[in-house]
Every structure is written in C-alpha cells, then in structure tokens.
Amino acid sequence: MKLRLEKQPLEWIDRSQSLTFKIEGESIPAFKGDVISSALWAKGLKVMGRSFKYHRRRGLLSLANHDINALFQSVDYPNIRGDVVSAEDGLSLTAVNTFGNLTRDAGSLVESIAKFLPVGFYYRAFYSPKFLFPKWESLIRHMAGLGKVDTNWTEERKHKRYHYCDVAVIGAGPAGMSAAIEAAKNGVDVCLIDENPFIGGSLDYQYVNESSLESVRDNLNQTIEEMPNITVISSAYVAGYYGDKWLAVNTQSGLIKLSALSVVVATGVFEQPAVFRNNDLPGVMNASAAQRLIARYGVAPCGEAVILTSNPEGYRAALDLRKAGIQVLAVLDTGRPSHDWYEQVSDLGIPVYKEIQSIEAHGKKQLHAVTFQVNGLSHTLDCDGLLMSVGWAPAGAPLYQAGGKFSYDEKVQQLLPKTLPQGVFACGRINGVFDIYDQFKDGKQTGLNAAEYALNQTLSPCDVLKSPTPHSHSYPIWDHPKGKAFVDFDEDVQLKDLKGAIAQGFDNIELMKRFSTIGMGPSQGKHSNMNGIRILAKLTGKSIDQTGSTTARPMFHPTPVSHLGGMRFRPERQTALHHLHVGSQAKFMEAGNWLRPEYYQSDLNRQACIEAEVLAVRESAGLIDVSTLGKMEVFGPDAANLMDRLYTMTMSNMKVGASRYAVMVDDTGVIIDDGVAVRYSENHFYVTTTTSSSDSAYRLMQKKIVEWGLDATVLNRTGQLAAMNLAGPNSRKILAQLTDLDLSNEAFPYLAMRQTQVLGFDATLIRVGFVGELGYEIHLNASDAVPVWQALMAEGAEFGIQPFGVEAQRLLRLEKGHIIVGQDTDGLMNPFEAGMPWSVHLKKPFFIGKPSLAKLKSLQKRKLVGFELLVEPSNGDSDESPLESNLIIESGDIAGRVTSVAWSPNLDKTIGLADVTMEHVELDKLIHIKLTSGALIEAKVVPLPFYDPDGKRQRPEELLEGDVA
Amino acid sequence: MSIQLQSSSLEHLTVLRGKNLSGLVQSLTGSVPALFHYQKFENRGFIANLGSEEFLINLADFHRDQLESDQYAFQRGDVVISISGQWRELMSEVCIYDFRQACPGEFLMVLVAGVSVWMLIPEATETLVMGCDPTYGHYLFKTLEHQKNTSPFLNHGVQK
Amino acid sequence: MPLRLLKYAWKSPEEELRFFPQEKPLEKEYDVVIIGGGGHGMACAYYLAKEHGITNVAVLEQGYIGGGNTGRNTTIVRSNYLTSEGVKFYDESLKLFDDLSEDFDLNIFYSTRGHYTMAHTDSAMRTMRWRAEVNKHHGIDSEVVDVETIQKDIPYMDVECNGQHPVMGALYHAPGSVARHDAVAWGYARGAQMRGVEIHQKTQVTDIKTASGKVVGVETNRGFIKAKKVISMVAGSSPRITNMLDIKTPIEVFPLQSCVTEPVKPFMNTIVVSGSLHVYVSQSSRGELVMGASVDPAELHSTRSTLDFVEGLTDQMMDLFPFTSRLKIMRQWAGMSDITPDFAPIMGKTQIDGFYLDSGWGTWGFKATPISGKTMAYTVATDTTHELIKPFSLDRFERFNLVGEKGAASVGH
Amino acid sequence: MKFIDCPPIGRRALSEFVYGGLVKHEPDHENVSESVWAEHVFYRHSHPQIQKEWWYHRPTGMWFFFERDTLTDVIHHVSVATKGYANEA
C-alpha cells in the first residue's frame, strides 16, 4: 500500500530528488528530506522494529525521537533511530535485536512464555544451584542489548567548539521563536536551538491548516532570518544543561559548548501514549506523530483512522487528516468536548463518541480494529490507524538539570515549572500555555525577561497565560485482564508489571523505576515516565506531587562518544635536545607528558645497550639529557628563609656557589619531592625538582610565599632551560675544552656550583654525584642546548663518550644507593624511613611538616636498606631474577618489598633497595625475597652505597669544602 | 575560512621580576602599560605588564646592566605563533575563554588546548601573537594546524 | 526454564508476596538505630538480626532504599588491594558476595568477569606487581600479565592507545566481578525485615542527642527516637552526621561520576580499568557499557553532573576502545565519595559512647557492602571491634598510623 | 563548567584553575601539641558549608581565594590571594 500523499504546503521533502536505501535487502524509495521511518511508512512497511523483551512488532509511535520503536543497524553504526535519521542513498539497514528479521523473529517465542517472566523475573531465578548461573547469564546476555558493535570500527573524533551568547533559547516553536525575536529586539545576542532541520515546531505540523496563522508564521521566519543578532542552530539538541548556564549543544558537525547569560527553555511537551490493551500495535500512534508524518513528509498515517482524545489537539488532528484525504471513522473522546475544533469536526459529519469508558486495539501483525465502550455498550470499528491524543508531559530536562522544580497543576493536568533558578526561564506549552496566541505572547514576555536578565535589568512582570482547561487526561490508562497494555515501549514494561512492582513494595518512584526498568531504556522515559507516575500515584493513593518524579539527567538524547570526546588535546613536551635523541636512535619512554630516551639503540639488545651506556659512564664519560627536571629560580630578600621553610634541610647557611640535596615533605611528613638547590647569591637560589612534580612543586612554592607573606619570588624555568649531566672519569677533560673556567678540584670542588660560559653560552655548572662519578650538571638556556650537547659529544668522541638514557641512570644511581622519589618511596614514606635522617634538620624553627617529622622520628617502623643476593639467579637452580615490588617474607609474613633491583655489571652481582620492617634493617641480616613464581631466595642487608663507598670517584680531591651531609 | 599560522621565536624576549620595575620600564620605553596590557614597538617589540613585580618584554634596547638591585631578568625562548585571519574562530575550538571580552591592547594569559599561553590581543583585523613554553611549542602548533585544516565549524560556523 | 519461575506464572501481581513488607509505624525507641538505608546499613541490620539476634533495630533512610551510593556505583567487586589490611577485608567481602543470591533467595547477578587494571607506565607496572605479590601472598588470585595476554583476552582493545601512553601490562584479577547493585540492597533489606528489623524511608536524622558523653537517641523529621546505639552508614553524608556530634574526621567529600552507553549486544566480558587514562568500564547484563573515572577535582556535596567528566571519559575511552566512538552516551549521574587521606575506610567505635561510624568509603564502598555490614554488626553487638576493621579506626590518624592503600586505590575501582 | 569573575584577570573558566584545598591557619610549630598538630593536619568538619579555598590559575600562576558553597558550588567571593593574608584574622 502506498501512503505517500500529494505535496503538502510545508513539507520537508524534496520530491525532485529521489533516492533508494535498503531494509533487510528490500529496496525502499525515498525523497531527499525523508527520514528512514517516513520512507518505510510511505511504502506501507509498518513493522519497523521488534521490541526489546517480547520481540513484538512495532511501528511509528512519536516520530519525534521520544521512542525507539524504529531502531536500525548499518555496517557502520548501531542503534540508528529511524524517526530522526535521514534516509541516505545506498544505505543498507537491518533491524536490531531480532533472531531472524523484522518479518520473522524467533525471539517472539518469548512472548508465549511471558507469563513465566513477570516483572523482575530475573531476580527470582537462575541463582541456584550457583554453578549454573554462568550458563543462565550467558543466555540472558545473548538476549540482551540492542545493536551490534563491530570492534573493528575505526575511531571517529568530531570537532568541538565554544560559543557565547547573551540569551540561549532552546526550542524554536511558536514560543521559542517569539522569545528569540523579543530578546534580540532588546539588543542582546541570541542563539536559537532546535533539534529539527527547520524552525517552526508545532506551527509547522499542528497548525499547518490554520490559515489565520500563515502570515504570523511567515513573519516570524522572516524576522529571525533578518535579525543579525539571532544565530539559529538547527538539527541540534541540548544534550545537557551544565553548571552555570552552559549548554552542551549536539550538532551533526560536533558539540557546541554554548555559554549564555540567560536561558529560555521553550522545549514544549512530549505527547504521551494512552495505555490500553495492544496499544503497541503498528498503526497505533500519537496524534502528533500522524500530523508530523503528513505535514513534514507527505505520508498518510493510515487509510481509515480512529482518534482517541482527551483534548482539543485530537480534534485538530482529525481536521488535518481529513484535509489530507484520510478517512476519519470516529473521534473517541474521554470527556465532553466544548471547543471550536470540536464544532468543526462535528460539522464535517465525523462521528464523535463522548465519555468513552475503555478502549482496546486488535490486530495480529498490525492494527485492524478498535473496540471501545460508551454507556456500557461495546463498539468495534475496523481501522488501520488509531491516533492517541490524551495528553502531554513537559520536555523539562534542561529545567530539571538547572535545578528547577516542577509541581502538578490540576487545572492543566500537567507538571509545570514551579521554581526556576535565576536567569532560567520557561515559556510555551512546557509552561502550560496551550492557546497558540498565548504561546506567542508568553514567548515574547519571556524573551524580554531573558534579555533584561542578561542586561542586568529589572524583570518585567509576566501575565499568567496557562490554559484554563486540561490538555492531558489525568489517567489515560485502561486495564485489561489479558494485559499487553504497554507503558514503556523501549523496555516492554506493561501496566501489570508496574502493578506487580508496586504490590511488592517497590512503591516509590525510584524503586519502581529500578525494579521494573520503566524509563531506563534509550528514550529515558520520554513517553513513559508520566504514565508511570500516574499509575504509581493512583495505586498508592497519593497525589502526583507526593509521588514525585525521577531525575532527568543528561543526556537528553543519547549522544555519540565521538562528539563528546572530540579531538585529542593531550599536551606532550619535548626537550630542546629531542631531535638529537631521535637522530641517535633513542628508544623513548613517557615520563609524565615528556618523552625521554630510555636508552640509545644499537645492534645490541636492550640490556646490552644499557650496560654499554653504564660502562661508558663508569670507565670514561657519558652524557644524559636531564632537561625534564623541574627548574626553579627563587629570589628576593626572603629567599633564604623561604628555602629553609620549604625543605627539610637548612638552606640559609649554604654558601654562595655551593649546592645541596633538597628534600620536600608534605604536612604529614611524607616525601613528595627531591632535587638539588644551589645558591647564586645572598638572595638568589636555584633548585631542581623531580620531573613529575615540577608543576605541583612550583604551585606549592607560590602558595607558600603567599601564605607565609614572604618577600620572595619563584619562577618556573623548567621549559626555558635545558640541563644535561656530563659524568665519568673523563668528564672534566671533555668539559675543559668548552669553557675557560678552572675546573680543578681546588677551584671547583665536589658539590660546588659555578656560573660561567660553555661554548660561549651562559651556563650554570653543578658538580653533582647522582651517578657516582666525577660529573657536571650543565644548566643553560634551552636555545643553547643543541650546540653545547653536540660540542660535548664531539670533544668526548676520543674518549668514547656515550649518550645515556633513563635506564642506565637508574642503575648507576642504584649502585650509589640514591633513591628515586615515587619508586623507592611510597605515598606514606618519610625521610627517616627512606634512610635519610640526616636530611631532616629538626633544629630549624620551621619547615613544612616539621611537627609531623618530630613525631615520626620515634615511630619508625620500616626503613629502606641495601641488599645483595647471596646466590646469583644464573648460578642457582632457576634463573628467575627478583623484580621490583617482589615481597620480603619473613616467618611467613610480609616484612617489606623490593623497591629497586638490578644486576650491576660493575659489581658483578644483583643489588637492590628494599623497604623492610625495623626487625630486618641490621647489616648482614639475611632477608628472603619471594620471587614472582613464589620461590624464596636469600639476600643480605649490606651497607649503602654499593659502589665506591668512600665516594672517591665523584670527588677524587677528597673532602675539601662544600656542604656534605 | 582564511586562517594562517606561523611559528617563530622572539630574539629579545625577557621576563623581568623584582622591585621598582615600573621605573625601569618607564626609562626603557617612556611609559608603562596598565596591568595585563601591552604596548607595541617596532620590530615585534613589546612590553607587557603582568603585575607590579613582573613584566614580559621584547626590546632590543634592554640590557642586563640596566638592572638595579632586587631586579632580575631571565631570557625566554618561547615558541611564538602568529595567527592571521579569523583567529577568534580558531580559538573557539581550543580555548574556553570568551574572546568577546578581549580588547585590543590586552595581554591575555589563558589555556589553549591544555597549554598555558600568553597573547597580545590585536586590533580587529591584525594578526594575533601568542607564545608558550618552548617545550610545548611543537604540540601547540601541530594541534592548531590540525584544527585549522579539519574543522567543519571553521568552514560553516555554528549556523546551519 | 527454571522451575522457580513456574510458581509466579499463575499468580496475579496482587497475590504475590510483598517483597518488602508494609512499613511499620515508627516506634519511640529501638535498641539500635542505623542511619542510612543503603547497602551498608541494610547489611548491618541483616547481620545484627541474623547473627546476633538483635532485631529491635530501625534503619532510617532520608530517601529510599539503596538510593545513595549503592544505586550510583559501577557495581565492580574485587579484592586486589595493596595492603594486607585491605586484601583480607575485601577478600572476606568477596566470599560473602559469592553466596548472597542463595542467602537472599534473590538473584543479585553476581557475575565473575575477570578484572584488568591496565598499566601504561613503568611505575604503574611496579604498583601492579606490588599488588599482585601482596594478593598472592594472601591467597588471592591476582597476577601481572603481559601485553600479549591482554591482547588475547581483549583483542578489541587498542593496546597502543592511539600512540600515547601504550599499555605495558596489567594486573589481572580473575575473581573480579560485577553485581546488580540494587538487588544487593534489596536482598539485605528484605532479609533484615523478615527478621524483624524496621526500615523507615523518607526519615531524615536531623540531630544526634547525647548525655554525659553517651548517645541517647536521634532527632528526626518524624520526631525523637531513643536509642543507646547509633550507627552512621551514610557514605557521602558522613560529615553531616559527624558534625552533629562535633566529631572531626579527615573525610572530604568529592563527587564521583559515572555514565552508561545505549545498550548494545554484549561483547565485553571482562572489567577493564586504566588508572592512567582514568577509565573503568564493564558491560552490564542489559548491554550498556557502564563507565566511570576518578573523582571530581574539588570538594562538593552534590550529585550534579558535569560535561567535563563525560568529555574526559569519552576521550580516554576512545584511546582504549576506538570503536566505541560510534556508541552513544545515554545517561550520566554522580554519587558522593567520602575520601580519607590514606584511601582506607574509617570504621568502628568513636569517642562518643554508643556512636559507631562506618565511613570513608571513597570509591570502594559497594565492594565492601557485605563485610562492612558483618563486621560493624559484630562490633556493635559485642562492643568489641572486629579484628578485620581494627586497622581502620578513626584515631589512627592522630597516631600517624595510616593504612598504605593510597598507592593502589587511586587507580582502581 | 563555570565562569568566575576574577579581578584582575576577568571572567574565567573554572577549568583554568586547580583546586588547592582549604585556607587553614597553621599552628605555630614551636609550641604546638601533638594533638593540635594532628587536628591541623588531618581533622576538620567537612559538612556542606561556605568555605574559603585556595584556587590556582594555571595560565597566570596566580593564587586566588574563593569563598565557595560546597553544597551548591556557588562561588560567593573571589579575591587574589594576597601575601600573608592566610595568616591574618
């Protein structure tokens, strides 16, 4: 049966452009502008989907994205909504969640056992005996879900943008359009958002045939088009209202994050289905859906229609159907009408049955007849269309999300906004305003108020325009002993399910929802929540307000992950030397948002590469990029005082030109950072932080300056400066080629700092010993780093200098027993436990965490110790090596863990650090490491450092001066 | 939509910190811009006021020996990105700041694509100059280029 | 067809036994008042009645049963904690969970899925190994697995994570499960009610009264109720309750948000967590992907949703599972997490005689539901702190004797 | 998502800020008892209230004080964190 009508005055389709798509192999003709559902219906294919639980046939219900009866799958996307997705040429679709296809779905066998599957049946079975549950679960999972995911789908990421306006109007129906125009006339920037491709709202499908409105419509459209300060965002919905008037506007191009000063919610109302037996048969639909179908797509909803109504809108639909040439067999009114449209319908000779008492639909695959009762007499009418016009529920999501409150208005029989947050306004039918001219007026008043709010002016008083008569039936629900009266079409929740849930004590709105799953499907209750509330209120004898409603959380419509996630903005940092590392075949690793060379690749395997780098440092020279260290300048009259307060050691007694290890703890005494501090001048220090804490340490320093009221400044120079560490016995010889500075032990001893020039560039040199060799850390402007690195490598070539990476450095420092904060320490470790009591100067009057450390000193329960294996794995029964985080087990209990461990090529043994309880810290004590396999191996507690215990290599001059711990 | 991006650096970019910097700035340029404002000079020169104790300058005339005690100068190697054309549209994709409130002459410090940047807000049709930490430069430039080349919003705007 | 369903087939809804009995009138006095009708409160009432014969108990709930964090979490149950204290505690909880359906005569859909915590950095790998070693030591099934194993089990995951932060390995915890959260609360509630406990919904405690340092009762929106023992089991509302007694705690409340996609046919059988990418995800029996991330950045006593959360989460999801870009987010919501400095709970007696606290649940309250109820019931009934919760006493902070859970708990859920 | 009016940097998005915790007054280290110190470090009344908090603006590196209602998330007052301010009053 072809249902395409003659051209309609405001139709959205372009009949000059034909296209074809496929449903389950069948070709469907369509016009440009058709949605999938309208094209299917036009072809007479009224079964557009199968229901979730019983696999019942489903047709059009709302044609407005308030239900998911028409849900499809393509090769590229799951869960395509036929009611709102355009028909595209070449598109090939199948139904979702069928065991077969739309015509034959083996899943419909479920309906034959429906009586065994009452509401919440799955809570009552499948769990005993326990071992069978996984089998049942697998079956349940097989039945669950809608569309299918293809895990090979490629990633899609859409763009997002911010947009700002003074007044945002959500919904471009009669009220929203009027509001936008009025606000714009008051000189503010307006954004008008509508989910349809064209603005107009109900004007364009409910009032198409009201000739008196033609000029009004044209005027509104033209004014909006001409006003430069109205931006129309169409085919876009507000997925959520967030925070302070931020709207997440989802468009087909991507997400617009719209910030407004005031918001007008003119979202209107969702038409609600009536609940009666077989109300889900294809052919039973909302009257507004029928009007949309005719007006937008030029498609007839049926050949012979019966209209069930409780409001004037049902009569308007009857007139529209008649106008489109569709036979209207009868209007069934639940009450006694007295309005103009009723008169018009009567005048056309359409029978009107008043005060009908019950209704029931018949049909196997689709609607064939309607039975209803009037005055106790039963009537049956054969028809293929039953249009429901029994009431409305507010599309209130943005208002709820903004913190607005609704209450039930008995006059209109609708939930209306009761209190709204400042700057948030509502107008139109959501406000209970049903007369079309009142809607214009309400919009206008509200638009003015929204503009006034945005301009910080006093709000003008508003007339109350809400309808004096109800537009919704107070209980559009007719029970039937045989059931099949659906309340939630997504979830196949029937009236009897809700009765069952309530009878069992799930008798408040949230419990009823959670137990019955009403409103939990993809439509999120748009077509079901109001009826659910009415049913609960009725059965518990409470008012609608006492019953309350569930929360309307974002998203308004399900919103694509690709839109919400958007493009990746994940900052990554590169040091000034990055390209040199790339050229040297560095294998990079991530360190926070930095990339650092883990090691430099050669023909050797990873371990051999690392060992070669280690040996180069120990035997001759190595060079490492340490630019990722945090680098802070601290200066000002109170700089020394600040340094004393920030770090556990005294810094104020450091000499100019000296350096000192610096540990920072938090209020509770836990180590949070370490680095090296130098003193440039009386009032000027320079201090490094660990790579990961450069930002947080800087923030903390700034905060403490403010908090303590100190006359000092800290400047984060992390990215502005580069740093490299030249280490090894030949480092002095190499560096000497690039600087005039006297590098002799006497002139530049261990732990000293010198400001000089290297290769003609300003640089700071610090004689540090992190890796335990003679070495110089060179800090300089990032822009000067490349030539200096290249010169050092060139000068070092004759000594076999090697660039070394993070892995080699980790081993070198382990041989020296130096800790890495975050690896050897954990979220609770203090300096005493880290084996660094010397770093805590409790005699200082003040530093962060001092009172905690004063207490913790006597509470020490664990300590970092050095250990070495008694038998190397390679010589033992198995070659399993201990790993970092393997546990220390003593007498069957956990006594600690390995924090660092490695085989040292220099010492020819496996060494490590372990965090152990105080019973096991004595030198030479045997401890037992539990390997990953579970085997225990013995290790011995040994003194630190493992390598060069006297420190002769890092300071061959012996102890001369400087600040030694 | 016409947007061009260019990456460069500023030879004399320096941050000044310390006491009585207004006096120093006055002596260098003859005037002091208001807080979070900048003044432009020839050859990409500018001076921006970040508070009583901090200025960001790019002036060939400045030399370290002009500093008095308690005044400090640190060289800056920021990556500087110039955006000509409809830079406000490009910014709407990567920056939450409402540029309707940004006036020519303002020195704006703001997050762009997750990175802290500074900007010299130009006259209506002029090129925007923004700078960031050099270690983020490659990321920021790459990100802006990518947005410029692929965004439907930059081609169609928000209006359908 | 399970036989059990047959007996429901021939009854009309009205004939069925009420799942929850009719609420009884509120009495003037009870032996024990439990504040909070979520999972913990119901479990405590259940074990008080079942194991200690204490049935003159009222559970006071300001909203509805299970409407707080019980109904807002992502339903993951696991025991692969970092500290011995945590591991032992949660392991007992898992054992109880495993038998709950039969205990309750109600299917809580306790579904063992296997739980992966992905590590994207060296340091995360060390933490995973640390957890695995502690777990194994306590007999918990937990191990570090390599990328090849992950790829075999979750072939649809992009271990390269789009080139940034690639997965280096994971902690795999075979017993990791999900359960139907509401059913847990309902099962405990029904079990407690069947044994005589009263549950009073929409009953808000407005004050707690003491005399000479001892609890004497609670003031509510429905009048004063006498009780010598009062237990606060209100998670995110804990500071409001402790404030009534002027008890200071280290708890701070942060919103914890979650979201779900539209249902799709089940394809994801495991639970996947990525600490570095701040994502955790599992697929429910309804077919929705249930997802969460870390807590909001600032203190807030609110369950409002933010766009930042869902933007961040979806961004990271696409790194792990590129194809999910074509799914749609259907709904988001939030709970309130009561977080302690050491990421371990605060349980047991307090300085006020007769006032017991069960709080500091952060983001792990659901998985502790059975064991919290059981140990708190024991503590209240015997007035002796249960062995398993001794490490979680409120006074551990001033003794600087914190539980070292921070390392692991910050990444897992 | 929120905008906050922050003199002198204008109307700024909250996403540019990092939360820095409560503004607290640190007890004098010299004479503090263990219990007072433990209370300072750990304990507080954290029920919903308007509280004064540290917020850090990342692009400018400025610390601000927000007086924020932890029930409604409304920020009632914003000021630049002036030196020594936290220790006064």
Side-chain angles (χ1 to χ4, degrees), chain B residues 15-19 32-38 48-56 70 72 74 76 78-79 81 88 91-121 128-133 135-136 139-140, chain D residues 1-26 28-29 48-89:
Chain B
V15 63
L16 302 176
R17 282 272 189 122
K19 311 276 183 221
V32 181
L35 180 59
F36 291 120
H37 282 71
Y38 72 96
N49 183 349
L50 281 68
S52 59
E53 298 187 339
E54 183 166 2
F55 284 84
L56 183 68
D70 287 332
Y72 299 81
F74 301 96
R76 288 260 294 248
D78 296 20
V79 167
I81 299 172
R88 285 168 190 258
M91 281 303 111
S92 74
E93 301 230 347
V94 287
C95 179
I96 195 173
Y97 187 76
D98 179 359
F99 281 91
R100 294 185 305 171
Q101 60 189 313
C103 302
E106 280 183 8
F107 181 84
L108 179 66
M109 298 170 89
V110 74
L111 281 188
V112 170
V115 175
S116 290
V117 307
W118 51 264
M119 292 178 186
L120 309 178
I121 304 295
L128 176 77
V129 174
M130 73 159 77
C132 76
D133 182 300
T135 60
Y136 284 116
Y139 158 78
L140 187 62
Chain D
M1 304 207 301
K2 301 170 81 68
F3 277 129
I4 307 119
D5 284 312
C6 296
I9 57 170
R11 191 161 174 262
R12 294 299 188 129
L14 193 67
S15 54
E16 293 194 332
F17 293 81
V18 176
Y19 177 49
L22 271 186
V23 175
K24 291 201 280 193
H25 298 285
E26 186 156 350
D28 177 13
H29 282 196
Q49 60 198 300
I50 294 175
Q51 60 187 29
K52 192 166 172 180
E53 300 170 337
W54 291 92
W55 285 81
Y56 180 76
H57 185 245
R58 287 159 63 196
T60 57
M62 292 168 76
W63 277 102
F64 286 85
F65 292 142
F66 288 2
E67 285 170 33
R68 189 174 67 100
D69 188 331
T70 59
L71 186 64
T72 60
D73 214 15
V74 172
I75 294 160
H76 292 280
H77 191 257
V78 176
S79 60
V80 176
T82 47
K83 282 191 173 177
Y85 190 97
N87 290 332
E88 291 164 12

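Chain letters run A, B, ... following the sequence lines, proteins first and then strands; every chain starts at 1.
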Which heavy-atom pair separates D/Pro59 from B/Leu111 by the least distance, and what is that distance? CG-N, 3.6 Å
To the nearest 0.5 Å, what is the distance between CG on B/Leu50 and CE on D/Met62? 9.5 Å
Atom of B/Ile96, atom of D/Phe3 and distance for their closest heavy-atom approach: O-CZ, 3.6 Å
Which atoms of D/Arg58 are under 4.5 Å from chain B, going by heavy atoms: the side chain, the backbone, both sets, or neither? both
Grab the two heavy atoms, one from D/Arg12 and one from B/Met109, that are nearest each other, plus how far apart they are. NH1-O, 2.7 Å
What part of B/Leu35 gets within 4.5 angstrom of chain D, counting heavy atoms only: side chain, backbone, both, or neither? side chain
Is there a donor-acceptor contact under 3.5 Å from the side chain of B/Gln101 to the main chain of D/Arg11? yes
